[in-house]
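None of these values were measured; they are calculated from a predicted model. When a ligand or atom number is given, it counts from 1 through the structure's own listing order.
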Amino acid sequence: MIPVISKLPQTGTTIFTVMSALAAELGAINLSQGFPDYNCAPELVELVNKAMQNGHNQYAPMPGLMALREQIAIKTEKLYGAVYNPDTEITVTAGGTQAVFTAISAVIHPNDEVIIFEPAYDCYAPAIKLMGGVVKSLELDPPDYRIAWDMVKRLINGKTKMIILNSPHNPTATILRKEDIDELSALVKNQDILILSDEVYEHLIYDNEVHHSMARYPELQQRSFIVSSFGKTFHATGWKMGYCLAPAYLMTEFRKIHQFLVFSVNAPMQHAIAEYLKDENTYLSLPDFFQQKRDYFREGLKNTRFQLLPCAGSYFQSVTYDAITDEKDSDYAIRLTKEIGVASIPVSAFYRKGTDKHVLRFCFAKRQETIDKAVDRLIKV
Ligand code: GLN
């Protein structure tokens, strides 16, 4: 063996892969990794077939197909009032994770500090560390996981380069409110701090709340990379398609990395999505679609000994289990998979220190029969 110095000595395999593999091995109902167990729209599949048959099988342009970037610009302006130039400010990516990695690697230099809120989606910290950046995390607490902005202020100093936000939030299902936006705006005003806003669940927002995209607020928009995901929006996580929005001065740097990381994203799916996006109902129908699943799952869980945490957005429902056991969440998630046959994600995996608040995350982007089966099993706990 040739000696290799690990770049991420502390990092193991992502919890999504671990729990999905365990669920598959044990034949458990997989409510761990977030993905639908039903198919995406047949029209969308048909559009991909058509694109392939029409010969769109060679490289797409490096930043993405223009027709798709134009549709993204139209959607963004319609929803959030922000005008992005498809030529210079929108890039199609191979999913949200690639966009996040590319944005971080484009602007984070050694010793730059990046503020994240934990529990945090697990790809942020490793990307920061790989660039030599320093992760500054603020731990949030259930049940509300509110951001204490005065604590954020204390983390900011001359080295702070970026704040990473995620709304709707994975794994806690909270959303940023207008008060958060006001606090954030006041905090970054006159400071050279960038924002990376992970908005992959932008359309999964419930109870008639609005999604406070950074794109709505010009002073925030001007300093933000915004990441979105067609996998989440169109129930096609396996396509690994997403995009990044950023003002031209940031997008120039983003593309310098993107061109050598992936060059461009697969062409037929870009053709298909460009066409499909023309109908706004394809995404405007999502809150109703998922709210029904959320409510149905929550109703079912009320008959169990799990304690429900709020769910304002995303397709995740978290629960605490203090009435059941005082085991570590990681141990309990494994035992639940083995003994009850329902796989979940232990939320301690989203804290760098493994902070365990006895919270499990379930994904409810599932067919009603899957939810029924899972609830039937969870009732037995
Ligand atoms: N975003 C998905 C989740 O939170 C997982 C994506 C992945 O496994 N990379 O479950």
**Request:** Considering heavy atoms of the protein only, find what lies nearest to atom 8 (O) of ligand 1 and give residue, atom and distance to 0.1 Å.
**Result:** Gln33 NE2, 2.7 Å
**Fill in**
For Tyr201, the atoms of ligand 1 under 4.0 Å from one of its heavy atoms are 1 (N)
**Protein heavy atom at shortest distance from atom 10 (O) of ligand 1** = Gly34 N, 2.5 Å
**Prompt:** At under 4.0 Å between heavy atoms, which part of Phe350 makes contact with ligand 1: side chain, backbone, both or neither?
**Reply:** neither
**atom 4 (O) of ligand 1: nearest protein contact (heavy atom, Å)** = Asn170 ND2, 2.7 Å
**Fill in**
Residues Gln291 and Asp207: closest non-hydrogen pair is OE1-N, 2.9 Å
**Message:** Looking at ligand 1, would Phe316 count as a contact under a 4.0 Å heavy-atom criterion?
**Reply:** yes
**Request:** Find all atoms of ligand 1 within a distance of less than 4.0 Å from any non-hydrogen atom belonging to Tyr121, and give their numbers and elements.
**Result:** 1 (N), 2 (C), 4 (O), 5 (C), 6 (C), 7 (C), 9 (N)
**Prompt:** Taking it one step at a time, do Lys159 and Asp112 satisfy salt bridge (charged side-chain N to carboxylate O under 4.0 Å, His left out)?
**Reply:** CA-CA 5 Å; Lys159 290 189 194 154; Asp112 282 348; over 6 Å; no
**Prompt:** Under the 6.0 Å and 45° cation-pi test, does Arg361 pair with Phe316?
**Reply:** yes
**Asked** How about Lys75 and Glu280: do any of their side-chain heavy atoms sit closer than 4.5 Å?
**Response** no
**Any N/O pair Arg361/ligand 1 closer than 3.5 Å** = yes
**Request:** Compute the centroid of each ring, for Phe230 and then for Tyr243, and state whether the two points are separated by less than 6.0 Å.
**Result:** yes
**Item:** Aromatic contact, Tyr315 with Phe290 (centres under 6.0 Å)
**Value:** yes
